[in-house]
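The structure appears below as structure tokens.
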2 protein chains.
Amino acid sequence: MRRLGRELGVEAMSLYNHVPNKEALLNGMVEVLLEELEVPADALEDSWEERVRKAFRAYLQLARAHPNVFPLFTMRPLNTVESLKLFELLREAGFDIVSALRAFRVLSSYTVGYAIAEIRGFALESDISRPGVHGFSEVELLRIFKSPPPLEKADRDAEFEFGLTLILVGLREYKGRRPPRNPPEQA
Amino acid sequence: MRRLGRELGVEAMSLYNHVPNKEALLNGMVEVLLEELEVPADALEDSWEERVRKAFRAYLQLARAHPNVFPLFTMRPLNTVESLKLFELLREAGFDIVSALRAFRVLSSYTVGYAIAEIRGFALESDISRPGVHGFSEVELLRIFKSPPPLEKADRDAEFEFGLTLILVGLREYKGRRPPRNPPEQA
DNA sequence: ACCTGAACACCGTTCAAGT
DNA sequence: ACCTGAACACCGTTCAAGT
């Protein structure tokens, strides 16, 4: 508050003329950012899986773009219009209500968790210079990760995508087991 | 600090004789809790998938048991001995280094994300009495979720397990594609 | 070796007083 | 309608002084 006031060339207490309190201000920030998200339109060339991918990719990118606000995202339920649209997208793809909800939540959980991991630093990263919580020594780690470290920051996108694929493969498999309501629109 | 001091019947500044600062204290709490985690031993009757399941289940339960500390878990890399053991478990299951790392991270991301969602409240929960970030009205939500709400808090475990299964199915599929180093030990 | 009082540099927030 | 000074009830942390 005080800092924000200074930034705006005004005293901290003036802010209370425009915003009820700090909490509301943070809520506002989150809300503004979430508005940037958009579930991709139903382009004919995209399968539902591709649309889902794009949506969660965008979410991750939003988190990356705002690493300081992102933890706030995390602490309130993601009840946005876009969540709803995504849910409906899954319904149209042939999932029944419960399955669509579950699928949506699994995908969100993964994406949120992944984004957090990226921001705070990955576990089992070869660069373990950082503090981190331990229980073992740097030597112990290096015993495992030989000199050219295996998975570098380089390919974060591919790594995220890997997880997305795993889940989507699982979902496809799952859908195969129960008869979908709509014809499987996949190419 | 001051509150903790009071709780201990001592002045806040006394704490600094035992702990360098607040940050260190929080780190300590996280560390203590993480020590409760244990990757299940290589019992003969358990497949690697079952062992992985048990490990992450335990992680979720830890989060549930300590909803207030859990967000702290979240903000530091999970470099524990158990992470390493889990990684080795995956290696033994036939994943090469990079794949094992990725699998580990996908599973952690999902579990962390799920735990957070559970603690803060799920998106698209029929109980939307809570604030949450919006963009749409309660009416709009109820238009979708007809009276008997579809997925209730009741079966949180099943829901978590559902996601775990999706990922494990994906992993099995993925492993099938590349020749595993060890014979597939699955029953 | 451990505790304490006083003090410092911070917070978010209220409210009466100003324009 | 908006801003401000003074004030309140908090923080984490330092340090010299006590035992």
Handout entry: Secondary-structure notation, DNA chain D, from Watson-Crick and G-U pairs under 3.5 angstrom (| other strand)
Key = ||.|||||...|||||.||
Practice task
Taking salt bridge (charged side-chain N to carboxylate O under 4.0 Å, His left out) as the test, write out the residues that go with Lys22(B), two or more places apart.
Solution key: none
Output a table of donor-acceptor pairs, distance under 3.5 Å, between side-chain atoms of residues 51-71 of chain A and any protein atom two or more places apart or on a different chain; print 'none' if there are none.
residue  : atom : partner   : partner atom : Å
Arg51(A) : NE   : Pro40(A)  : O            : 3.2
Arg51(A) : NE   : Ala41(A)  : O            : 3.4
Arg51(A) : NH1  : Asp42(A)  : OD1          : 3.4
Arg51(A) : NH2  : Pro40(A)  : O            : 3.1
Arg53(A) : NE   : Glu161(A) : OE2          : 3.2
Arg53(A) : NH2  : Thr165(A) : OG1          : 2.3
Lys54(A) : NZ   : Asp46(A)  : OD2          : 2.7
Arg57(A) : NE   : Glu161(A) : OE2          : 2.8
Arg57(A) : NH2  : Glu161(A) : OE2          : 2.8
Arg64(A) : NE   : Glu118(A) : OE1          : 2.7
Arg64(A) : NE   : Glu118(A) : OE2          : 3.4
Arg64(A) : NH1  : Asp157(A) : OD1          : 2.8
Arg64(A) : NH2  : Glu118(A) : OE2          : 2.8
Arg64(A) : NH2  : Asp157(A) : OD1          : 3.0

Round to the nearest Å and state the distance from [X] atom [atom1] to [N] atom [atom2].
| X | N | atom1 | atom2 | result |
| --- | --- | --- | --- | --- |
| Leu4(B) | dC11(D) | CG | P | 12 Å |
| Lys22(B) | dT14(D) | NZ | C1' | 17 Å |
| Arg3(A) | dA9(C) | CZ | P | 19 Å |
| Met1(B) | dT4(C) | CE | C1' | 17 Å |
| Arg6(A) | dG12(C) | CZ | C1' | 14 Å |

Practice task
Sequence neighbours left out, what passes side chain to side chain donor-acceptor pair (under 3.5 Å) with Glu11(B)? Give chain and number order.
Solution key: none
Handout entry: Contacts of type side chain to side chain donor-acceptor pair (under 3.5 Å), residue Ser83(A), not counting sequence neighbours
Key = Thr80(A)
Problem - Pairing residues for Glu23(B) by the side-chain contact (heavy atoms from CB on, under 4.5 Å) criterion, not counting sequence neighbours - result: Asn21(B), Asn27(B), Arg76(B)
Problem - Which residues share a side-chain contact (heavy atoms from CB on, under 4.5 Å) with Glu45(A), sequence neighbours left out - result: Ala43(A)
Exercise for the section: List for me each residue that meets ring pair (Phe, Tyr, Trp, His ring centres under 6.0 Å) alongside Phe104(B), sequence neighbours excluded, and say none if there are none. Expected result: none
Practice task
Could you list by number each residue of residues 7-21 of chain A showing a heavy-atom separation from DNA chain C of less than 4.0 Å, or answer none if no residue does?
Solution key: Met13(A), Tyr16(A), Asn21(A)
Practice task
Please say which of Ile167(B), Leu166(B), Leu107(B) ends up in a side-chain contact (heavy atoms from CB on, under 4.5 Å) with Leu166(A).
Solution key: Ile167(B)
